[in-house]
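Chain A is the first sequence line, chain B the second, and so forth, proteins listed ahead of strands; every chain is numbered from 1. In this text, all values refer to a predicted model and were calculated from it rather than measured experimentally.
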Amino acid sequence: MCLRRKRSGAQHRAMEIEDGGRFAAETTAKARALQERLRAELVSRGSVRAPRVLAGVDVAIEASGHALAAAVAWEVASGELRELRCARLPLRFPYVPGLLAFREGPAVLAALALLETPVDAVLIDGAGVAHPRGLGLAAHVGLCLPVPCVGVAKSRLCGSAAEPAPEPGAWTPLLDAEGRRMGTALRSRARAGPLFLSPGNRISQDGALALVLAALRGHRLPEPIWHADRLGRAAKGRALDAKATPSGGLASIAGEG
DNA sequence: GCGACAG
DNA sequence: ATCTTGTCGC
């Protein structure tokens with residue numbers, strides 16, 4: 001692969017990202033209350049007609065107590081990476097099921113803000129609206145983005161879904177206690193456990209599923225997230241923007257200092 | 001009270 | 001998520 005690198009001063013950004021204090025909570029009780037309030041801002045409709053470039057984000061946790069978020073811009077037509085970025089932030093919130101956004105959200109936004117490539121939508125490793133209060137990481141982060149966002153989790157946080165058929169592409173609806181659809185259990189790859197995807201913001205259930213299907217390329221995870229996951233591990237514990245190791249495979253690790 | 005519980 | 005060795009399969 002071949003990557004382009006540039007600038008050292010002010011970072012260009014392909015999209016306006018405003019966290020608006022949406023990730024500031026001192027206690028778990030306040031965090032939950034904030035989620036209840038923010039869920040009203042969600043837009044549950046929309047789709048991406050012909051996605052050209054998609055962003056993928058994943059977060060790795062470092063022993064130093066930092067969150068290392070990796071974001072990539074991936075071109076749908078060619079299946080190639082256009083840009084790779086990493087952001088490292090100190091962790092200031094513990095992992096509590098249902099409150100992941102307060103722990104990883106800031107790092108995710110920081111990494112996305114470093115992308116200079118315009119993207120049509122964002123795929124995030126985590127739950128979207130398939131969450132106890134309807135505001136998983138991808139939905140919460142999605143409130144700060146100008147484009148559609150989808151959450152793709154490797155396991156189920158809540159709700160129930162029938163096991164999808166063995167064939168790749170098979171899916172079943174992920175339902176809440178009242179039988180309303182929250183997301184989709186998707187068999188993205190043969191002999192692999194299903195993915196649990198759900199809309200983040202600015203997209204519908206159908207739109208979210210279509211987007212994920214369009215980003216699958218043989219791996220269990222959609223390609224943008226698969227690459228972000230790999231980049232995160234490669235950069236973990238290392239200086240960002242460091243020169244590549246010949247054997248590492250990556251040309252470099254681009255990110256903020 | 002007892003389980004379930006993204007990353 | 002992270003801690004970790006070998007191992008089965010394409």
Side chain proximity check, [X] to [Y], heavy atoms < 4.5 angstrom:
{"X": "A/C158", "Y": "A/D176", "result": "no"}
{"X": "A/I225", "Y": "A/H219", "result": "no"}
{"X": "A/W74", "Y": "A/P222", "result": "no"}

Strictly distance-based, threshold 3.5 Å: is any side-chain N or O of A/D120 a donor or acceptor partner for the main-chain N or O of A/V53?
yes
Between A/F102 and A/H140, how do the two ring planes meet: parallel, tilted or perpendicular, split at 30° and 60°?
perpendicular
Taking protein heavy atoms under 4.0 Å as touching, what does nucleotides 1-7 of chain B look like 5' to 3' if B marks base contact, S marks sugar-phosphate-only contact and - marks none?
---SBBB
Nucleotide by nucleotide, nucleotides 5-10 of chain C touches protein heavy atoms under 4.0 Å in the pattern (B base, S sugar-phosphate only, - none) ------
In terms of heavy-atom contacts, A/A111 and A/A87 come closest through N-CB, 3.6 Å
Would one find more than 12 heavy atoms of other residues, nucleotides or ligands at under 6.0 Å from atom CZ of A/R217?
yes
State whether the number of non-hydrogen atoms from other residues, nucleotides or ligands found under 6.0 Å of A/E18 atom CD is greater than 12.
no
A correct dot-bracket answer for DNA chain C, with pairs being Watson-Crick or G-U at under 3.5 Å, [ ] for crossing pairs and | for inter-strand pairs, is ..........
Any Lys/Arg nitrogen of A/D125 or A/K154 sitting under 4.0 Å from an Asp/Glu carboxylate oxygen of the other?
yes
Could you tell me whether A/R13 and A/E16 have a side-chain N and a carboxylate O separated by less than 4.0 Å?
no
Have a look at A/A130 and say if it touches a base, only the backbone sugar-phosphate, or nothing, with a 4.0 Å heavy-atom cut-off.
nothing
Looking only at side-chain N and O atoms, does A/K236 come under 4.0 Å of OP1 or OP2 in C/dA1?
no
